[in-house]
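These notes are about the structure you will find just below.
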Amino acid sequence: MRRRLLLALPLAALAPRAAAGQTGGAVPVVASFSILGDMVRQLGGERLALRVIAGPDVDAHSFQPRPSDAEAIRGAALLVRNGLGFDAWFDRLARAAAPGARMVTATEGITPRTMEGHHHHGHGHAHDHGHAGTERRRQHAVPPRRVADPHAWQDLRLGQAYVRTIAEGLAAADPAGAEAYRRNAAAYLGRLAALDAWVREQIATVPPARRKVVTSHDAFGYFGEAYGVEFLAPQGVSTAAEPSAAEVARLIRQVRAEGITAVFVENMASPAALERLAREAGVRVRGRLYADALSPPDGPAPTYEAMFRHNVGLMVPAMRGEA
Ligand SMILES: [Zn+2]
């Protein structure tokens, strides 16, 4: 299904499009998903005509681009993606609609953490090949394969690396704005460093044995490594597959046995499995963490910085077991 859509894209891309001139002199930039979009906005502000493809509350793991997205990519002076398999649909779209377009990969230079592939696949590779049955059989024959965890933005120090990389890309695409991007980057990096220190202070108020959080999928591995919190999830690093009953049952036993009180749904993932898990474990869902997408502007996490303040503000009292 997805493949057929992508084959149709080059034709769609031949249709007349909104020309770059319609952006009123602003530099057209396209970001694959909302968190990168906010970083670009913080760096470029009014200089840019920014388009975000996978918007607020949208699950970018399973995103299906539309023909209008291909048109936006064709007119862009710069494309910004996460990489590490998170937004592979964006690469395919770019290759089809705008081969040779200038592209920045925000995770470039970051050594990804890797995880076992679990009982299902990260990032929909099985769907891409259309041989899910073959893949399943092969998984029984070989040790679980390691998959790269793409959620590096959940560590604010790696988020700072994103910002440096994106700022360089913007300066290369728009040399007249290079000084402005450098200035904005310096201010933004300062705020992110302060936010990183605040997160560490907040987590330090939680007794080490209580630093455990249950969420829908493994979106917070980098957060966990950076800030010393153990994250548990019934789904792996992608939202592509349903969690297995065995994995949910195992987690329920662990939540009960370890007295874990910090259980959350995610803004862009289905809450059903987590709500059932919480019910069966006899704990309350403590709210909604922003994992892979920001909120709309009037929500609690409309920016990358607001997302951390919101998430940490929910996690800390929940981990402490406060009402
Ligand atoms: Zn994710």
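In each ligand, atom 1 is the first atom listed, and ligand 1 is the first ligand listed. From a predicted model like this one, the values you see are computed outputs, not experimental measurements.
Residues passing the side chain to side chain contact (heavy atoms under 4.5 Å, CB included) test with L314, sequence neighbours excluded: F264, L289, H310. In terms of the side-chain hydrogen bond (donor to acceptor under 3.5 Å, both in side chains) criterion, residue partners of Y181 (sequence neighbours excluded) are, by chain and number, D174. In this structure T303 satisfies the side chain to side chain contact (heavy atoms under 4.5 Å, CB included) test together with D38, Q42, E305, A306, sequence neighbours excluded.
Judged by distance alone, the side chains of T261 and R210 do bring a donor and an acceptor atom under 3.5 Å apart.
The ring of W153 has its center closer than 6.0 angstrom to the ring center of F33.
Using a 4.0 Å cut-off between a side-chain N of Lys or Arg and a carboxylate O of Asp or Glu, R200 and D196 qualify as a salt bridge.
Sorted by chain and number, the protein atoms of type N, O or S within less than 2.8 Å of the Zn ion (ligand 1) are H61 NE2, H151 NE2, H217 NE2, D292 OD2.
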